[in-house]
Amino acid sequence: MKGIIARIEVQQGDITRVVTDCIVNAANSSLLGGGGVDGAIHRAGGPAILEDCRRIVARQGGCKTGEAVITTGGNLPARYVIHTVGPVWNGGTHGEPEKLANCYRNSLKLAVGNHCRSIAFPGISTGVYGYPKEEAAAIAVKTVVDFLTGNDSIDKVVFVCFDVEYYRYIRRELNL
Ligand code: AR6
């Protein structure tokens, strides 16, 4: 098995252009789209993603905070989009850290269950949902490292950082 750190990459840029088996979307519980990375993914991936989301909503009525669902990647380079719903930051004493960790864990589990060997994450909750970037980066890295420690079916996890601040926090957490 490759070492844990050798299976992690950090990139600055737009997740819709990343070539991995799946990319993760920071969605909301309606699964019907929004702004930020969610808007960018639906725009770039086309209507097939929303069609799949609507089917999921009809079946299970959306997605709870910390959980994840999978759709086609539509026109994206990625085969699948995993939609997860991050916690809204509310001071940090309302279970936000555990909910954010659940987003990473459940997305990784869904990726494995769908035979994905590579996955890209945006900074879930660090935009509109207001999670402090430094704390979110620490949880993202710890949860991914813990998962990879117990699982060798994922070859590559890419942290896609839209802004330089989050990029620096992620690199620092990885001791890069
Ligand atoms: N590629 C990678 N990262 C991006 C991109 C992109 N193209 N665009 C933005 N980011 P946000 P949240 C970063 O607000 O905080 C939506 O409306 C951005 O800089 O997209 O989880 C949903 O529908 C930030 O660091 O997601 C929900 O209603 C990170 O992605 C709500 O926002 C997440 O920012 C979810 O809020």
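The basis for the numbers below is simple: all heavy atoms, side chains too, and nothing from hydrogens, waters or symmetry mates. Throughout, numbering of the chain's residues begins at 1 and tracks the sequence. Order of listing sets the numbers, starting from 1, for every ligand and every atom in it.
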*Taking only heavy atoms of Ala40 into account, list the atoms of ligand 1 that are under 4.0 Å away from them.*
7 (N)

*Which of the atoms of ligand 1 are close to Gly13, meaning less than 4.0 Å from one of its heavy atoms?*
1 (N), 2 (C)

*asked:* Do Val164 and Gln12 have side chains that approach each other closer than 4.5 Å (heavy atoms only, starting at C-beta)?
replied: yes

_Can you report which non-hydrogen protein atom sits closest to atom 1 (N) of ligand 1, along with the distance?_
Ile15 N, 2.9 Å

_Electrostatic pair Lys133-Asp163, nearest N-O below 4.0 angstrom_ = yes

*Among all protein heavy atoms, pick out the one at the shortest distance from atom 14 (O) of ligand 1; state its residue, atom name and that distance to 0.1 Å.*
Val128 N, 2.8 Å

*Looking at side-chain heavy atoms only, is the closest gap between Val24 and Pro122 below 4.5 Å?*
yes

*Applying salt bridge (Lys or Arg N to Asp or Glu O under 4.0 Å), name anything that partners Lys142, two or more places apart in sequence or on another chain.*
Asp146

*For Gly39 and ligand 1, answer yes if some heavy atom of the residue is under 4.0 Å from a ligand atom, otherwise no.*
no

*Name the closest protein heavy atom to atom 28 (O) of ligand 1, giving the residue it belongs to and the distance to 0.1 Å.*
Asn28 ND2, 3.2 Å

*Which ligand 1 atoms does Gly34 reach within 4.0 Å, using its non-hydrogen atoms?*
17 (O), 23 (O)

*asked:* Taking ring-ring contact (aromatic ring centres under 6.0 Å, His included) as the definition, give me every residue that meets it alongside Phe121, ordered by chain and number, with sequence neighbours left out.
replied: Tyr104

*Which residue and heavy atom of the protein sit nearest atom 24 (C) of ligand 1, plus the separation*: Thr126 OG1, 3.3 Å

*Counting heavy atoms only, which of Phe162, Trp89, Tyr129 comes nearest to atom 18 (C) of ligand 1?*
Phe162

_Looking at ligand 1, would Asp14 count as a contact under a 4.0 Å heavy-atom criterion?_
yes

*Among protein heavy atoms, which lies nearest atom 20 (O) of ligand 1, and at what distance?*
Val37 N, 2.8 Å

*Close-contact set for ligand 1 against Gly35 heavy atoms, below 4.0 Å*: 16 (C), 17 (O)

*Only one of Val128, Thr65, Asp38 clears side chain to side chain contact (heavy atoms under 4.5 Å, CB included) with Asn28; which?*
Asp38

_Salt bridge check, Asp52 against Arg55: does any charged N sit closer than 4.0 Å to a carboxylate O?_
yes

_Looking at ligand 1, would Ser125 count as a contact under a 4.0 Å heavy-atom criterion?_
yes

*What is the closest protein heavy atom to atom 33 (C) of ligand 1, and at what distance does it sit?*
Gly123 O, 3.3 Å

*Which protein non-hydrogen atom lies closest to atom 15 (O) of ligand 1, naming both residue and atom, and how far is it?*
Gly127 N, 2.8 Å

*When you look for heavy atoms under 4.0 Å from ligand 1, do you find them on the side chain of Ala26, its backbone, both, or neither?*
both

*Which pair of non-hydrogen atoms, one from Ala140 and one from Tyr166, has the smallest distance, and what is that distance?*
CB-OH, 4.0 Å

*Got Thr20 and Lys156 here, is their nearest side-chain heavy-atom distance under 4.5 Å?*
yes

*What atoms in ligand 1 come closer than 4.0 Å to a heavy atom of Asp38?*
22 (C), 23 (O)

*asked:* Just checking Arg79: does its CZ atom have more than 12 heavy atoms from other residues, nucleotides or ligands closer to it than 6.0 angstrom?
replied: yes

*Interatomic spacing from CG in Leu110 to OG1 in Thr84 - rounded to 0.5 Å*: 9.0 Å

